[in-house]
Amino acid sequence: KGEEPAAAEAEDDAEDDIDVPDDRREHLNIVFVGHVDAGKSTIGGHLMYLTGGVDKRTLEKYEREAREKNRESWYLSWALDTNEEERAKGKTVECGLAHFTTDKK
């Protein structure tokens, strides 16, 4: 039996409303765990840059801002540590969460 035309259209419309990417890449969660000043945010920021989550111009801006505050080595972490308290102390206050993709994952 065939579907009623109205039912088929409603089903098509419902599928259009759902934002499900047709992505066959393997999903991978990465968690950075370590003691204070181990570089968790720094490596996360660098990974975001390498995978296109942060563009070069933004990273250069962070680098200038960090240099102005005598925190040159912190600029990569600023991709994740976005509030002023975190940047002033160099300590992540909130949990960081970022999404990035690669060709395979």
Side-chain angles (χ1 to χ4, degrees):
K1 278 185 169 177
E3 289 183 345
E4 296 284 329
E9 285 179 30
E11 188 176 309
D12 288 342
D13 289 343
E15 288 175 9
D16 291 341
D17 292 340
I18 300 171
D19 186 18
V20 179
D22 187 23
D23 193 343
R24 306 272 186 235
R25 289 179 287 195
E26 181 181 354
H27 184 139
L28 177 68
N29 291 316
I30 299 174
V31 178
F32 298 109
V33 178
H35 63 83
V36 173
D37 291 334
K40 300 175 294 293
S41 292
T42 301
I43 197 166
H46 195 188
L47 189 58
M48 287 177 59
Y49 170 68
L50 293 173
T51 59
V54 177
D55 61 78
K56 184 176 181 177
R57 187 173 176 179
T58 300
L59 209 57
E60 289 170 348
K61 175 184 168 231
Y62 293 159
E63 191 170 11
R64 274 192 315 278
E65 291 173 356
R67 190 177 314 111
E68 289 169 4
K69 296 181 180 190
N70 294 317
R71 306 287 190 234
E72 293 89 351
S73 64
W74 295 2
Y75 75 97
L76 287 166
S77 69
W78 287 11
L80 290 173
D81 296 343
T82 57
N83 73 45
E84 283 304 314
E85 180 183 3
E86 292 174 321
R87 290 181 177 188
K89 294 180 178 180
K91 306 286 184 259
T92 302
V93 176
E94 299 177 13
C95 283
L97 176 64
H99 299 275
F100 62 91
T101 59
T102 67
D103 291 339
K104 295 182 181 181
K105 297 188 187 262

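Between Arg67 atom CZ and Ser73 atom OG the span is 12.0 Å, to the nearest 0.5 Å. The distance from atom NZ of Lys89 to atom CG of Asp81, rounded to the nearest 0.5 Å, is 12.5 Å. To the nearest 0.5 Å, atom CG of residue Leu80 and atom NE2 of residue His46 are 12.5 Å apart. Here the NZ-OG distance, from Lys40 to Ser77, works out to 11.0 Å after rounding to the nearest 0.5 Å. Expressed to the nearest 0.5 Å, how far OG of Ser41 lies from CD of Glu86 amounts to 7.0 Å. Distance check, rounded to the nearest 0.5 Å: CE of Met48 to CD1 of Ile43 gives 13.5 Å.
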Original post:
Checking side-chain contact (heavy atoms from CB on, under 4.5 Å) for the pair Glu65/Arg71: CA distance, chi angles, key distance, verdict?
Top reply: CA-CA 8 Å; Glu65 291 173 356; Arg71 306 287 190 234; over 6 Å; no
**OP:** Could you give me the CA-CA distance, side-chain angles and deciding distance for Leu47 and Tyr49, then say whether side-chain contact (heavy atoms from CB on, under 4.5 Å) is met?
**Re:** CA-CA 5 Å; Leu47 189 58; Tyr49 170 68; over 6 Å; no
Subject >> Step-by-step side-chain contact (heavy atoms from CB on, under 4.5 Å) determination, Thr58 to Tyr62 >> reply: CA-CA 6 Å; Thr58 300; Tyr62 293 159; 3.5 Å; yes
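Salt-bridge annotation for Lys69 and Glu84: present, with a side-chain N of the basic residue lying under 4.0 Å from a carboxylate O of the acidic one. With respect to the salt-bridge test (charged N to carboxylate O, under 4.0 angstrom), the residues Asp37 and Lys91 qualify. A salt bridge is absent between Glu68 and Arg64: the closest approach of a Lys/Arg side-chain nitrogen to an acidic carboxylate oxygen does not fall below 4.0 angstrom.
A cation-pi arrangement is absent between Arg87 and Tyr75, since the terminal nitrogen or guanidinium carbon is not both under 6.0 Å from the aromatic centre and inside a 45° cone about the axis.
Across every non-hydrogen atom of Ala79 and Gly45, the tightest pair is CB-CA, 3.9 Å.
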